[in-house]
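First up is the structure itself, then whatever we jot down about it.
Just so you know, these numbers use all the heavy atoms, side chains as well, and skip hydrogens, waters and symmetry mates. The chains referred to below are lettered A, B, ... by the order of the sequence lines, with proteins before strands, and numbering in each begins at 1.
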There are 2 protein chains.
Amino acid sequence: MLKPSTRARYALRAMLELSLHEATRPLLLREIAKAQCISEKYLEQLTVPLRCARLLRGRRGSNGGYELAKPAKEIAAREIVEAVEGRLDLLDCVRMPVVCDRAPACAARGLWGRVSQAITAALSETTLADLREEQRLAEAKAVPSYEI
Amino acid sequence: MLKPSTRARYALRAMLELSLHEATRPLLLREIAKAQCISEKYLEQLTVPLRCARLLRGRRGSNGGYELAKPAKEIAAREIVEAVEGRLDLLDCVRMPVVCDRAPACAARGLWGRVSQAITAALSETTLADLREEQRLAEAKAVPSYEI
DNA sequence: AGCATTCCCTACCTTTCGCATAGGAATAAT
DNA sequence: ATTATTCCTATGCGAAAGGTAGGGAATGCT
Ligand code: FES
Ligand code: FES
């Protein structure tokens with residue numbers, strides 16, 4: 001069904017949650033998981049590639065937690081997805097024609113390459129800051145404030 | 001890895017093969033499978049949704065085989081992929097926000113929606129006729145003619 | 001120093017689903 | 001009738017996704 005894995009979706013949501021609290025203290029894994037309805041232990045595994053990619057930073061001990069390694073404005077959705085999923089090319093032969101016997105004369109390869117490009121572009125266009133704004137707008141709409 | 005299934009890839013290649021022989025007699029399943037290195041019995045299953053979507057027509061009995069149900073120029077890659085994979089939306093909640101509890105205030109949904117759109121657009125832009133041309137150009141390049 | 005807290009690391013289990021195979025029923029030409 | 005082909009349904013297999021578990025290592029607090 002060409003559906004993105006939970007890895008990609010959860011990682012994105014987790015980072016989004018962090019961006020919503022960018023200014024405050026580090027967020028506990030527990031808090032992120034709860035806020036986004038993700039298994040704590042599973043989410044924990046996703047932090048590994050995210051830290052590796054220098055998108056996320058963890059602090060141990062009391063008052064520890066996680067925080068964005070860069071300003072939300074500088075983190076594209078693409079970076080997050082690539083961090084946990086690897087390259088975005090739909091097929092290996094898009095990057096390395098050698099792995100496909102048919103590569104020299106395969107029109108399908110070109111098409112999948114163009115689709116890969118389209119996906120990459122769409123994910124590159126949106127930053128965590130954009131998502132944060134969308135999120136806040138949506139929340140304001142969905143849960144109208146009752147104050148005066 | 002967000003890789004398209006063999007269903008989508010095989011279906012596309014099979015239809016491409018058919019487009020390469022559009023003018024001639026119906027092509028045998030066996031011939032398509034062999035030309036594209038696809039398991040015959042597996043490819044056979046893919047013909048079901050393709051026929052259902054009115055992209056492919058089969059003729060039984062001697063001198064039977066398969067042929068495109070429409071001119072190659074009128075078949076977009078998107079139709080083929082959608083026929084065998086279902087809707088192209090990456091997530092169900094993109095079309096039906098109701099299935100996701102978080103939908104009312106979920107910025108991720110918007111992003112995945114835009115990615116879905118990008119994929120759909122890329123696949124809509126290319127027709128079987130385009131692919132056929134690309135294929136022929138690539139073949140001419142890869143296997144230079146030794147005549148004259 | 002000792003203790004509580006939290007991230008960090010590794011291994012393992014479970015389920016799902018993509019991929020493929022198999023066998024036979026229906027249909028059309030010779 | 002025989003042969004050639006598509007059509008239909010069921011079943012098996014293996015890999016990968018998704019999730020669980022437990023302990024180790026660093027940090028800060030008292
Ligand atoms: S070359 Fe890899 S799909 Fe055609
Ligand atoms: S609403 Fe479905 S992913 Fe957020």
Practice prompt. Would you mind checking if A/Lys41 and A/Glu44 are paired as a salt bridge, meaning a charged N to carboxylate O distance below 4.0 Å?
Written response: yes
Whole angstroms only, please: what is the [atom1]-[atom2] distance between [X] and [N]?
{"X": "B/Leu50", "N": "D/dT6", "atom1": "CG", "atom2": "P", "result": "14 Å"}
{"X": "A/Arg25", "N": "C/dC7", "atom1": "CZ", "atom2": "P", "result": "11 Å"}
{"X": "A/Lys41", "N": "C/dC8", "atom1": "NZ", "atom2": "C1'", "result": "9 Å"}
{"X": "A/Leu18", "N": "C/dC7", "atom1": "CG", "atom2": "P", "result": "11 Å"}
{"X": "B/Leu29", "N": "D/dC8", "atom1": "CG", "atom2": "C1'", "result": "14 Å"}
{"X": "B/Leu28", "N": "D/dC7", "atom1": "CG", "atom2": "C1'", "result": "15 Å"}
{"X": "B/Arg60", "N": "D/dT3", "atom1": "CZ", "atom2": "C1'", "result": "15 Å"}
{"X": "B/Ile38", "N": "C/dA20", "atom1": "CD1", "atom2": "P", "result": "9 Å"}

Discussion item. Once hydrogens and angles are ignored, does a donor-acceptor distance under 3.5 Å link the base of D/dT20 to the side chain of A/Glu40?
Written reply: no
Worksheet item: Would you say the base of C/dC8 and the side-chain of A/Glu44 have a donor-acceptor pair closer than 3.5 Å?
Response: yes
Worksheet item: Are A/Leu91 and B/Lys3 close enough that some pair of their side-chain heavy atoms sits under 4.5 Å apart?
Response: yes
Between [N] and [X], is there an OP1 or OP2 to side-chain N/O distance shorter than 4.0 Å?
{"X": "B/Arg59", "N": "D/dT5", "result": "no"}
{"X": "A/Arg51", "N": "C/dC9", "result": "yes"}
{"X": "A/Thr6", "N": "D/dG18", "result": "yes"}
{"X": "A/Tyr10", "N": "D/dG19", "result": "yes"}
{"X": "A/Asn63", "N": "C/dA4", "result": "no"}
{"X": "A/Tyr66", "N": "C/dC8", "result": "yes"}

Discussion item. Looking at A/Gln135 and B/Ala107, would you say the former's side chain and the latter's main chain have a donor-acceptor pair under 3.5 Å?
Written reply: yes
Worksheet entry | Residue met sooner reading DNA chain D from 5', once A/Ser39 and A/Ser62 are mapped to nucleotides | A/Ser39
Worksheet item: Which heavy atom of A/Tyr66 sits nearest a heavy atom of A/Leu29, and at what distance?
Response: CE1-CB, 3.8 Å
Worksheet item: Which atom names give the shortest non-hydrogen contact between A/Leu46 and A/Val84, and what distance separates them?
Response: O-CG1, 4.3 Å
